*Asks:* 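Got a structure here, written out as structure tokens. Questions coming.
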Amino acid sequence: VAERWPAMDRDRIIDEVIHDDDPDSTQYVIEVDGELAGVIQSWEESDPEYRHAGMDISLRTKWHGKGVAVDALRTLAGT
């Protein structure tokens, strides 16, 4: 993630993504065969005039192109 967000160092990424205290956002770890593959989060905007939701995902390069992101997004969307 840090490569894509040059202004973000490891501590800031952990603070803003993993330890996000926004009650409308939930973070999950993506694990494959016991190994940390990435993170995924869902969030919701509950303002009645602008109601919407979204998902963000970040995977380690090792897991690109292997269907891990698709599986994680489908799993999260189904919850």
Side-chain angles (χ1 to χ4, degrees):
V1 173
E3 292 176 12
R4 304 285 184 236
W5 295 338
M8 303 271 284
D9 62 15
R10 180 181 175 85
D11 291 335
R12 185 170 172 199
I13 291 169
I14 289 170
D15 187 47
E16 292 189 19
V17 177
I18 305 299
H19 296 143
D20 184 5
D21 61 356
D22 180 352
D24 295 327
S25 177
T26 305
Q27 297 74 32
Y28 304 91
V29 170
I30 301 169
E31 192 174 288
V32 179
D33 297 329
E35 182 179 342
L36 176 64
V39 295
I40 189 169
Q41 69 177 355
S42 60
W43 50 270
E44 177 182 1
E45 173 58 59
S46 56
D47 180 336
E49 294 184 17
Y50 192 63
R51 192 163 166 77
H52 63 280
M55 295 183 286
D56 295 314
I57 188 168
S58 177
L59 284 180
R60 294 177 60 198
T61 306
K62 172 182 178 176
W63 300 105
H64 290 189
K66 298 185 179 180
V68 174
V70 172
D71 184 52
L73 289 163
R74 284 183 177 153
T75 299
L76 184 56
T79 60

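The model shown is predicted, which means the values in this text are computed figures rather than measured ones.
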*Asks:* Just to verify, what does Glu31 make a side chain to side chain contact (heavy atoms under 4.5 Å, CB included) with, not counting sequence neighbours?
*Replies:* none
*Asks:* Same cluster or not: Trp63 versus Leu76, using hydrophobic residues (I, L, V, M, F, W, Y) connected whenever any side-chain heavy atoms lie under 4.5 Å apart?
*Replies:* yes
*Asks:* Distance from Glu45 atom CD to Ser25 atom OG, nearest 0.5 Å?
*Replies:* 12.0 Å
*Asks:* Excluding sequence neighbours, so at least two apart, what forms side chain to side chain contact (heavy atoms under 4.5 Å, CB included) with Leu73?
*Replies:* Ile40, Met55, Ile57
*Asks:* Quick check: is Trp43 connected to Tyr28 through a chain of hydrophobic side chains (ILVMFWY, heavy atoms under 4.5 Å apart)?
*Replies:* no
*Asks:* Sequence neighbours left out, what pairs pass salt bridge (charged side-chain N to carboxylate O under 4.0 Å, His left out) with at least one residue falling in residues 51-69?
*Replies:* Glu35-Arg60, Glu35-Lys62, Glu44-Arg51
